[in-house]
Each structure stands twice: as C-alpha cells, then as structure tokens.
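See structure below.
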2 protein chains.
Amino acid sequence: MKETFASASGGRRATGGGSAPPAPAALAAKVRTLAPSMTRSMQRVAEAVAGDPAGCAALTVTGLAELTGTSEATVVRTARLLGYPGYRDLRLALAGLAAQQQSGRAPAITTDIAVDDPIADVVAKLAYDEQQTLADTAAGLDTVQLGAAVAALAAARRTDVYGIGASNLVAQDLTQKMLRIGLIAHAPGDPHLAVTNAVQLRAGDVALAITHSGSTGDVIEPLRVAFERGATTIAITGRPDGPVTQYADHVLTTSTARESELRPAAMSSRTSQLLVVDCLFVGVAQRTYEATAPALAASYEALAHRHGALRGGAGDRRA
Amino acid sequence: MKETFASASGGRRATGGGSAPPAPAALAAKVRTLAPSMTRSMQRVAEAVAGDPAGCAALTVTGLAELTGTSEATVVRTARLLGYPGYRDLRLALAGLAAQQQSGRAPAITTDIAVDDPIADVVAKLAYDEQQTLADTAAGLDTVQLGAAVAALAAARRTDVYGIGASNLVAQDLTQKMLRIGLIAHAPGDPHLAVTNAVQLRAGDVALAITHSGSTGDVIEPLRVAFERGATTIAITGRPDGPVTQYADHVLTTSTARESELRPAAMSSRTSQLLVVDCLFVGVAQRTYEATAPALAASYEALAHRHGALRGGAGDRRA
DNA sequence: ACCGAAACGAAAATATCTTTCATGAGTGAC
DNA sequence: GTCACTCATGAAAGATATTTTCGTTTCGGT
C-alpha cells in the first residue's frame with residue numbers, strides 16, 4: 001500500500017524511519033526533513049501548509065488542491081507522507097499549530113544572516129537558529145526508535161560509531177562519553193579503518209552511523225558490513241529515506257534547518273546530531289545507572305588533577 | 001512567564017452573544033455563559049467539549065454523539081450555539097485549544113533529569129536545557145571581544161586551536177570550518193604537539209584556547225607559549241577569571257548551565273562553545289567574503305561526489 | 001386527558017475525504 | 001534516435017463525515 005517503504009534487502013529492517021505518531025508542532029520540521037523526498041506537486045502542498053498553517057486549516061481538500069494548483073489526491077498523499085492518516089488529521093494538526101503560533105511566539109528572526117550583519121546580529125541569529133533546530137529535532141524524534149537504540153547500546157558488547165567530517169566529531173563525542181561510563185566504543189575516522197572495525201562486529205554489538213545526507217558512502221559501507229555481520233545497526237540521519245536506512249535497524253531522524261552561504265548545513269545538522277547523541281547517552285546512562293554512577297565519579301576524579309591549580313578564587317564547587 | 005494569557009478577559013470577549021466569529025480559546029467561558037440557554041442534551045455535549053477538548057477533537061460527529069448519548073443533530077446544534085458554522089469548525093477550534101493547552105503545560109521541565117525519567121522526558125529536558133544554554137551564552141557574549149577575535153582570526157597567517165577532551169572536538173570543528181574557507185588552522189589533540197605548534201607562532205598569528213574550567217594546564221601551556229611569542233591569543237572559557245585568561249588578549253565567555261550526574265557539564269559547555277565558535281566562523285566568513293564564497297562553493301562541489309546520488313530534486317526515493 | 005411547543009434523533013441529502021485508475025511525462029536501456 | 005518502463009498526477013468513482021429534514025417524543029399548561 002505505502003509505496004514509500006520499499007522493504008529493504010536483508011529482511012531485517014524494523015519499523016523504518018517514518019513510523020512516527022502524528023506530529024503536534026513538529027510539522028514545520030517534518031516538512032523540511034521530508035521535502036527532498038517529495039515530488040514537485042507535493043512540495044507545493046507542503047510548502048503552502050508550512051507557510052500558512054492557519055490559512056490552510058480553513059481549507060477543504062479541494063480548496064487546498066486548488067490553491068496549490070494540484071489535485072485532491074496529491075493533497076491527501078502529502079498528508080500521508082507527513083505522517084497523518086489523511087487530510088482530515090493534517091488539518092486538525094494545522095489548526096493546533098496555528099493556535100500555538102498565535103498564542104505563543106510572535107517574533108521570529110526570519111532573516112538570513114547577511115554579509116554585512118553586525119556581529120551582534122550574527123550572534124542573535126545563530127543562537128536563534130540553533131535553538132530552533134533543537135526544538136525541531138526534539139519534536140521530531142521518534143522515541144520508540146530512540147528507546148530501542150538505547151536498549152541496544154546499553155546491552156552491546158562493543159559499539160562502533162561511524163561518521164565522516166563534521167559528523168565524525170559527533171561520533172567522537174558519543175564515543176568519549178560512552179567510554180566515560182565504562183562502555184566500549186570506537187569512532188574510527190578513517191573509512192578503511194571503519195570497515196576493518198565493522199568486520200569484527202557480531203550479533204549483540206552495535207554499529208551507529210551518523211550522516212546528515214544519508215548517502216555518504218564512506219559511512220554506509222561500514223554500516224552495511226556490520227549489518228550483514230548481524231550487529232544491531234542504528235542510523236542518525238537527516239534523510240529518513242536515504243540509502244543509509246537500508247542497513248539500519250533503527251533510524252533516528254535529525255532535523256534539517258534552512259541553510260545559507262554563511263550558515264552551512266553542517267552547523268544545524270551538527271547541533272541536531274549532538275542532541276540525539278546526548279539523548280542516547282543519557283538513556284544509556286539511566287539504564288546502566290548502578291554501574292555508571294561510580295564510573296562517572298571516577299572519571300571526574302581522574303580529570304581533576306589535570307586542571308592545574310583549580311583554585312579559581314570564588315566558586316569552584318567541585319573539589 | 002507572560003503566556004498566561006489564557007483568560008479571555010481583555011476587551012475582546014465582547015463576542016459573548018452568539019452571532020459572532022468563532023471563538024479562539026474563550027471556549028470554556030462561552031460554554032459556561034451559554035449553558036443556561038441550552039437544552040439538556042446540548043449541555044451534555046457542551047460539557048464534554050469543554051471538559052476534554054483534545055479528546056473531543058479526535059471524534060467525529062457520530063463519535064461525539066455516541067459518547068454523550070445524543071445524536072449527530074444535537075452535536076451540530078450545540079456547535080452552532082457556540083458560534084461555529086458547524087461541527088467541523090468547532091472541531092478545528094477544539095484542536096487549536098488542545099494544542100494551546102498542551103504547549104502551555106510545557107514549562108514543567110524545570111526538573112532535573114532523573115534516573116527513571118521516560119525517554120520522552122529525557123529528550124524534552126535535554127533540548128530545553130541546551131536551548132537555555134544557547135540563550136544564556138548569546139546573552140552573555142561580549143560582542144566587542146568577539147569582534148576583536150574575529151578581526152584577528154580573519155587576518156591571521158595561521159591559527160592554532162587548543163582544546164583537550166570534549167573541547168578538542170570543538171577545536172576541530174572550528175578548524176575544519178576554517179580550512180573550508182581557505183584559512184590555515186590546526187587543532188592539535190596532543191598537548192606536546194600543541195606546545196610544539198605554539199612555538200612556531202609569531203605576531204600576526206592567532207592562538208585560541210578552549211577550556212570550560214579555564215584551568216586546564218594542557219591547554220594553558222601552549223597558549224602561554226603563543227602569547228609569549230607575540231601571537232594574538234583568544235580564550236573561550238566558562239571562567240572569565242580563570243588562569244587561562246592571564247595569557248588571553250581576548251576572552252569569550254561561555255555560559256555554565258546546571259549540571260547533574262546524568263547531565264555532565266561537558267554537554268552544556270560543548271553547546272556553548274560551539275555557538276561561540278560558530279559566531280567566530282561566521283564573523284570571519286563575512287570579513288573574507290569575496291575570497292570565501294568561491295572557496296565554500298568549491299568545497300561543496302568536492303564533497304558532492306562523496307555522497308552517493310545526492311540529488312536533492314524530485315524523486316530518487318531509494319532504488 | 002388534550003393541545004401545543006420545543007427537544008430530540010433517524011435517516012435522507014449534501015459536503016468532504018479517500019481510493020482507484022488511466023494518462024502522460026520523464027528516464028534509462030538499447 | 002526509439003522503445004519500454006516507471007512513476008507522478010489528476011479525474012472520477014467510492015466511502016465517510018457532516019448537515020438538513022422531518023416525524024416522534026417529551027413536557028408543561030389547561
């Protein structure tokens with residue numbers, strides 16, 4: 001029925017990326033995330049919906065179809081793609097969104113960063129955008145997938161985290177944190193090393209791929225290897241329909257913010273990925289709390305003397 | 001804290017009568033006002049609607065009729081009495097109301113993350129905390145210092161970025177971005193290497209130290225060396241009074257959020273540091289725009305083929 | 001008990017949403 | 001270049017939901 005989910009190769013491949021409950025306020029984010037995988041007319045509909053929730057909520061299928069110059073069928077298809085059972089439900093969500101916008105925030109820094117913006121504006125806009133990215137990501141995260149991923153990580157014999165470029169830094173971040181609570185994790189920075197590592201994995205291990213585009217070959221390849229060796233695989237990506245999800249048991253979707261020349265996509269995707277990674281870490285830490293607490297404390301201790309004379313005068317609570 | 005706007009008390013509310021535009025959120029009030037003039041079954045409907053907007057919004061006319069033990073006609077009549085053209089519109093308003101209530105309930109995340117928090121709460125709290133951190137950092141950033149730092153970076157012959165542990169990832173992030181726009185930057189991960197590098201610096205070069213505690217010896221040492229060799233030095237730290245600032249020409253302060261066992265300080269300091277680093281980068285990119293624009297475009301190009309079939313356009317939903 | 005008015009719900013009528021299906025545009029193979 | 005194929009798309013049929021109509025029931029007054 002849903003042509004969207006081509007059952008991928010290995011027969012495994014659990015509840016892919018799209019299986020999320022209808023989004024409440026994450027709609028704008030979802031539109032942005034899914035836009036690339038939409039057809040032209042669907043994009044028109046999605047755009048209209050994201051651009052004027054209130055206005056669209058007042059329209060019937062036919063009305064919206066006419067407004068966007070498409071057909072009822074297309075409107076319904078778009079609604080489905082966005083995660084709703086049909087247009088009726090999308091419309092309801094739209095009404096909710098409109099009400100929220102109305103009551104809540106009026107001011108939005110809509111302008112992009114310009115070449116001649118004063119530095120203070122740059123700070124404000126960047127901070128705002130990153131906050132937005134965080135909100136979108138949080139709203140769009142599938143907690144079921146997240147829970148499953150956490151469970152897998154907490155139980156893993158060892159974990160590999162694959163990421164290239166900026167995503168590699170995120171991978172390292174997760175790795176560092178996991179090591180701190182006594183879990184074995186690696187974030188090979190070299191694609192060849194990654195594959196070599198992946199070969200060592202087996203059932204019970206976890207491989208986690210981080211790629212914004214969802215189609216970074218250097219990251220997909222080791223994940224595929226791990227997948228085929230029977231490891232539990234997780235993908236953190238901005239494209240829940242991208243190639244990487246073929247080999248992912250669990251897909252965690254990051255949000256895609258608008259980008260510009262001065263604000264490369266890497267910035268918001270990094271923010272988004274880090275939030276997901278933090279969630280994973282905290283989830284795992286919760287699950288392994290008895291073992292974790294002393295480990296965390298121990299790593300504090302160990303670090304303390306590396307901070308030279310930690311006597312910064314006032315404050316300085318942690319001994 | 002002003003969004004307590006709920007009560008429709010303001011001058012608006014004149015619409016009470018009935019022959020008026022659909023009510024936004026004043027629904028509960030309207031129900032109470034109009035209740036006396038309602039028939040028994042209509043009251044039942046109105047009561048249900050006022051009592052559980054969200055629940056009722058999910059119901060069709062028939063559903064609501066059954067729930068209240070009445071008929072469709074009665075439901076429609078009630079909707080009319082409340083000022084809507086029909087049930088459909090009442091339902092829309094209901095959805096809006098529900099969404100508003102929901103979002104109003106949001107700021108309940110003031111609690112710290114607990115060991116037994118459900119995963120959804122973890123996501124919400126982490127996102128909220130990081131947003132908070134961003135806001136704090138942006139508010140606390142000294143734009144003068146920032147501007148000076150940007151100027152120094154943009155003019156530097158070469159730049160060294162020192163950071164250890166989690167801060168090293170931030171350092172690498174900055175380095176990667178600077179390289180992308182053609183600026184020479186290094187982020188040595190090894191303290192010895194860092195010092196070795198620092199020795200090479202001279203006036204016109206820039207050394208940037210990133211340390212949350214402000215007293216990480218391994219980071220202070222190379223900065224000191226650079227400082228003494230005449231390089232322009234910058235510190236990104238959470239402790240503007242820490243030892244590191246001794247050797248810093250410009251100090252950029254990051255915010256320190258509350259931490260807990262499950263939410264190590266590293267998380268918020270990283271968020272904070274990244275924001276500062278992004279600001280630096282964008283500032284530098286602005287200053288060097290003519291040279292930067294083509295460089296950025298070029299790096300896009302170069303990366304494109306590393307991403308399998310990265311065709312943003314229509315179609316292409318996995319083979 | 002009888003009358004009248006209003007409340008109420010069953011079902012018809014209508015509007016709206018969903019599905020199916022045929023068409024045509026685009027794409028890759030040959 | 002043509003051909004076969006896939007897939008996006010909208011028209012119209014089909015299914016639901018909403019609104020209207022209209023007859024029955026209920027209740028108060030005499």
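Each chain gets a letter, A, B and so on, in the order the sequences are listed, and its residues count up from 1.
Take A:D205 and apply the salt bridge (Lys or Arg N to Asp or Glu O under 4.0 Å) test, not counting sequence neighbours, and it matches A:R157. Annotation: side chain to side chain donor-acceptor pair (under 3.5 Å) contacts of A:T78 (sequence neighbours excluded): none. For A:S255, the side-chain contact (heavy atoms from CB on, under 4.5 Å) test picks out A:T133, A:D136, A:T137, A:S272, with sequence neighbours left out. Remark: A:R224 pairs with A:E221, A:E228 by the salt bridge (Lys or Arg N to Asp or Glu O under 4.0 Å) rule, at least two apart or across chains. Contacts of A:R270 classified as salt bridge (Lys or Arg N to Asp or Glu O under 4.0 Å), with partners at least two apart in sequence or in another chain: A:E130, B:D173, B:D278.
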Enumerate, atom names and distances included, each donor-acceptor pair closer than 3.5 Å involving a side-chain atom of residues 189-197 of chain A, sequence neighbours excluded.
residue	atom	partner	partner atom	Å
A:D190	OD1	A:H192	N	2.6
A:D190	OD1	A:L193	N	3.2
A:T196	OG1	A:H192	O	2.6

For residues 45-61 of chain A, dump all side-chain donor-acceptor pairs below 3.5 Å to protein atoms at least two apart in sequence or in another chain.
residue	atom	partner	partner atom	Å
A:D52	OD1	A:G55	N	2.9
A:T60	OG1	A:T62	N	3.3
A:T60	OG1	A:G63	N	3.1

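Residue A:S41 places at least one side-chain N or O under 4.0 Å from the OP1 or OP2 atom of D:dT9.
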Check the interface with nucleotides 24-27 of chain D: list each N/O to N/O pair with the protein under 3.5 Å, or write none.
none

Shorter than 3.5 Å, N or O on both sides, protein versus nucleotides 17-21 of chain D: list them out with atom names.
residue	atom	partner	partner atom	Å
D:dT18	OP1	B:R91	NH1	3.2
D:dT18	OP2	B:V61	N	2.5
D:dT19	OP1	B:Y87	N	3.3
D:dT19	OP2	B:Y87	N	2.7
D:dT20	OP2	B:R80	NH1	2.8
D:dT20	OP2	B:R80	NH2	2.3

* Asked: After noting the C-alpha distance and the side-chain angles of A:T271 and A:S268, does the key distance pass the side chain to side chain donor-acceptor pair (under 3.5 Å) rule?
  -> CA-CA 5 Å; A:T271 302; A:S268 76; over 6 Å; no
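Using a 4.0 Å heavy-atom distance criterion, B:G69 is classed as a sugar-phosphate-only contact.
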